[in-house]
Amino acid sequence: MSTPVKPRQIFIQGVTRDGRVFRPSDWAERLCGVMSPFRPGGARTGAGAHIGYSPLCVPRVINGVKCVIVSEELRAIEPMAWDFVLNFARDNELQTTEACLLPDDRDA
């Protein structure tokens, strides 16, 4: 039996290629807010449906740098949303890294 392959994750860092901090300061939350409907099982409906980020596109602060972590699963659910996020990073000259977020010891 083979182990399922975990989708890759792209980390979009809030630092431009020339080292400047990207502005506005809430860029990650805004980007993830736009991506919130794109989630496994489809968009939420009903009261409170607009609250919460998609697990496929989440804001994080890593080593003091604001980031957005995007799962490649997003590409399978909505290729245009995947392209939108990657084009956002490219158009704003943000640094990106392919990586895997490891669980925090507190989550174990």
Heavy-atom side-chain proximity of Thr97 to Gln95 below 4.5 angstrom: no
Keeping Lys66 on the side-chain end and Trp27 on the backbone end, is there a donor-acceptor pair under 3.5 Å? no
In sequence, state the C-alpha distance, the side-chain angles, and the governing distance for Arg8 and Arg75, and then conclude on side chain to side chain contact (heavy atoms under 4.5 Å, CB included). CA-CA 11 Å; Arg8 40 177 203 149; Arg75 176 188 277 167; 4.0 Å; yes
Can you tell which of Asn92, Val21, Leu94 makes a side chain to side chain contact (heavy atoms under 4.5 Å, CB included) with Thr16? Leu94
Nearest heavy-atom contact between Ser54 and Arg39 is N-NH2, 3.5 Å
Quick one: which of Thr96, Val68, Ile62 gives a side chain to side chain contact (heavy atoms under 4.5 Å, CB included) with Phe11? Ile62
Side-chain heavy atoms of Arg30 within contact of Pro24, under 4.5 Å: yes
Please check if the number of heavy atoms outside Arg17 that lie under 6.0 Å from its CZ is greater than 12. yes
Closest heavy-atom pair and its distance - Met35, Leu74: SD-CD2, 4.3 Å
Do any N or O atoms from the side chain of Glu98 and from the backbone of Ile10 form a donor-acceptor pair under 3.5 angstrom? no
Nearest heavy atoms of Val70 and Cys57, plus distance in Å: CG2-SG, 4.1 Å
Smallest separation among heavy atoms of Val58 and Cys32, with atom names: C-SG, 3.4 Å
Verify side chain to side chain contact (heavy atoms under 4.5 Å, CB included) between Phe22 and Gln13, making sure each step is shown before the conclusion. CA-CA 9 Å; Phe22 186 64; Gln13 300 172 43; over 6 Å; no
Smallest separation among heavy atoms of Ala28 and Pro59, with atom names: CB-CB, 4.0 Å
Pairs under 3.5 angstrom only: tabulate donor-acceptor contacts from the side chains of residues 82-90 to other protein residues two or more places apart or in another chain.
{"unit_1": "Asn87", "atom_1": "OD1", "unit_2": "Arg90", "atom_2": "NH1", "d": "2.7"}
{"unit_1": "Asn87", "atom_1": "ND2", "unit_2": "Asp83", "atom_2": "O", "d": "3.1"}

